[in-house]
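Notes follow the structure.
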2 protein chains.
Amino acid sequence: MRYHKIPDETVRRLPLYLRGLLFSSQDLQENISSRKLAEVLGVNPWQIRKDFSYFGGFGTPGVGYNVEKLTKQIKKILKLDIGHRATLVGVGNLGAAILAYPGFKIYGFDIAAVFDNNSKKIGQKIGDVTIEDVAKLPMLKGRQIDLGIIAVPRGSAQEIANILVDVGIKGILNFSPCRIDVSKKVKVITIDIAMDLARLPYYMPSS
Amino acid sequence: MRYHKIPDETVRRLPLYLRGLLFSSQDLQENISSRKLAEVLGVNPWQIRKDFSYFGGFGTPGVGYNVEKLTKQIKKILKLDIGHRATLVGVGNLGAAILAYPGFKIYGFDIAAVFDNNSKKIGQKIGDVTIEDVAKLPMLKGRQIDLGIIAVPRGSAQEIANILVDVGIKGILNFSPCRIDVSKKVKVITIDIAMDLARLPYYMPSS
DNA sequence: TAATGCTAGTGTCCACGTTCACAAGTAAAG
DNA sequence: CTTTACTTGTGAACGTGGACACTAGCATTA
């Protein structure tokens, strides 16, 4: 299996596995079995083993997976072994929440630059970073930032994305509820939290 | 096709179609073709037609779909035709952002009750709602709320979920990065924004 | 050393979802 | 009325991913 194409669904699950490992490493067991990990995450053991097998198994039969080694492997596959510097554009309610969200750090992300167009906010310092004028966004080139997070209103999202691509951003996490199209070289993931809420009633009994 | 089981993936896409319709209705064209809608959303026309066909086509050949009728149909399928009242638990950075997020209203959601455990926040009014003591959460029964949004730290999420289920909540949108298990009668959708960010580098060129 | 119990890795089958091509239907123009 | 242009609805082929069973490997115990 070692030389097969990796299913997209597998890649989608890897961060979940990583989360499970990072958060349950307090138990500081040296090894963890697929059954145990599956139980923690609420998925199937064979799903986990299958997923890992695509990358060439790193477990030992009869024992399980070495937690530390497995963690490193997944991080390497996801390219999280090198740290990533991100920029956040738009410090509204959502942007501020993202900035304060502790979850990014455990994956090695660092929000190193923040932009907004509100003159009252520009210059303010939040945590370690100072909010800069969005007009200066094009000057981001050379600051070693490879990720962009868009948290601006719908109407401006595409425009911001274009600038981000221009300054060499390779990946965009978009929180605006709209499509963004950019060069195929740049990966865009859009999160629309309202859309997820919108399908919830479908699964609920009609009461 | 009318009597087939509806694929989960189709249900996942319906809110997207609805979003496209709601946001492009400014053009106030009476009808929209699958090709046009697909273009706006960045998906395939035949995918859209196939999805709609599961519910028994509501378009007319040669013309397209009547925007107003289609919108109503999708809302009905997703059970968004009746409004939903939601409660938000946890008014930290993320909770506050959710509360201020305008995207919920267009789907007919109303955040009608808000809870927190921070005594400084309790009693504060944000928009139309007043933050209540989370200790009073069990008294939510009878207030006609059927959705719960969890935005509390990891450790408390399961506990809050249990209470929500007790008071009769039928669906939960969980923003805590952990698994929540509840009665099978209750649908849980978990959003972990850090997890989505975590798979972004995988798709990026190694630079 | 032999036996037992547990766990990873993987080939195979199956179910689901996507793509596509085409028939059927509508409207507008000639 | 006929023709043309367009669009929906759907059966069928195709591809992908998930479920599972089974083999092989490791460790522990006797």
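Below, all heavy atoms of this structure are taken into account, side chains as well, without hydrogens, waters or symmetry copies. Here is the naming used below: chain letters follow the sequence lines, and residue numbers restart at 1 for every chain.
No engagement by A/Phe52 is indicated, since no non-hydrogen atom pair under 4.0 Å with the nucleic acid exists.
The distance between atom CG of B/Asn31 and atom P of D/dC6, rounded to the nearest whole Å, is 16 Å. In this structure, the CG atom of A/Asp8 is 17 Å from the P atom of C/dG17, given to the nearest Å. Here the P atom of nucleotide D/dG9 and the CG atom of B/Leu37 are 13 Å apart, to the nearest Å. Regarding A/Phe55, its CZ atom lies at a distance of 13 Å from the P atom of C/dT10, rounded to whole Å. As a whole-Å value, the separation of B/Tyr65 OH from D/dC6 P is 18 Å. Atom CD1 in B/Ile6 sits about 14 Å away from atom P in C/dT18, given to the nearest Å. Per the geometry, CZ belonging to B/Arg12 stands 10 Å off P belonging to C/dG17, to the nearest Å. Atom pair A/Phe58:CZ and C/dT10:P shows a separation of 11 Å (rounding to whole Å applied).
The environment of B/Arg179 atom CZ is dense: over 12 non-hydrogen atoms of other residues, nucleotides or ligands sit within 6.0 angstrom. In the displayed structure, A/Arg35 atom CZ is contacted under 6.0 Å by at most 12 heavy atoms of other residues, nucleotides or ligands.
If you check the side chains of B/Arg154 and B/Ser176, you find no donor sitting under 3.5 Å from an acceptor.
For the helix from C/dT1-D/dA30 to C/dG30-D/dC1, the rotation axes defined at the first and last 5 base pairs enclose an angle of 0°, given to the nearest 10°.
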> Along nucleotides 23-30 of chain C, 5' to 3', which nucleotides get a B, which get an S, and which get a -, given that the test is a protein heavy-atom distance under 4.0 Å?
Replying inline: --BBS---
Pair up each side-chain donor or acceptor in residues 64-71 of chain A with any protein partner under 3.5 Å, not counting sequence neighbours, and list the distances.
residue, atom, partner, partner atom, Å
A/Asn66, OD1, A/Glu68, N, 3.1
A/Asn66, OD1, A/Lys69, N, 2.8
A/Thr71, OG1, A/Val67, O, 2.6

Below 3.5 Å, can you tabulate the donor-acceptor pairs from side chains in residues 95-113 of chain A to any protein atom, sequence neighbours excluded?
none

Could you run down the sub-3.5 Å N/O contacts of the protein with nucleotides 18-22 of chain D?
residue, atom, partner, partner atom, Å
D/dG18, OP1, A/Arg13, NH1, 2.6
D/dG18, OP2, A/Arg13, NH2, 2.9
D/dA19, N6, A/Lys50, NZ, 3.4

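Residues passing the salt bridge (Lys or Arg N to Asp or Glu O under 4.0 Å) test with A/Asp166: none are found, sequence neighbours excluded.
If you take CD on A/Glu9 and CG on A/Asp51, they are separated by 9.5 Å, rounding to the nearest 0.5 Å. Distance CG/B/Asn31 to OG1/B/Thr60: 6.0 Å, rounded to 0.5 Å.
Ring pair A/Phe52/A/Tyr17 is perpendicular by interplanar angle, where above 60° counts as perpendicular and below 30° as parallel.
Between B/Asp146 and B/Arg85, no side-chain nitrogen of the basic residue sits less than 4.0 Å from a carboxylate oxygen of the acidic one, so the salt-bridge criterion is not met.
Nearest heavy atoms, B/Met204 versus A/Lys170: CG-O, 3.3 Å.
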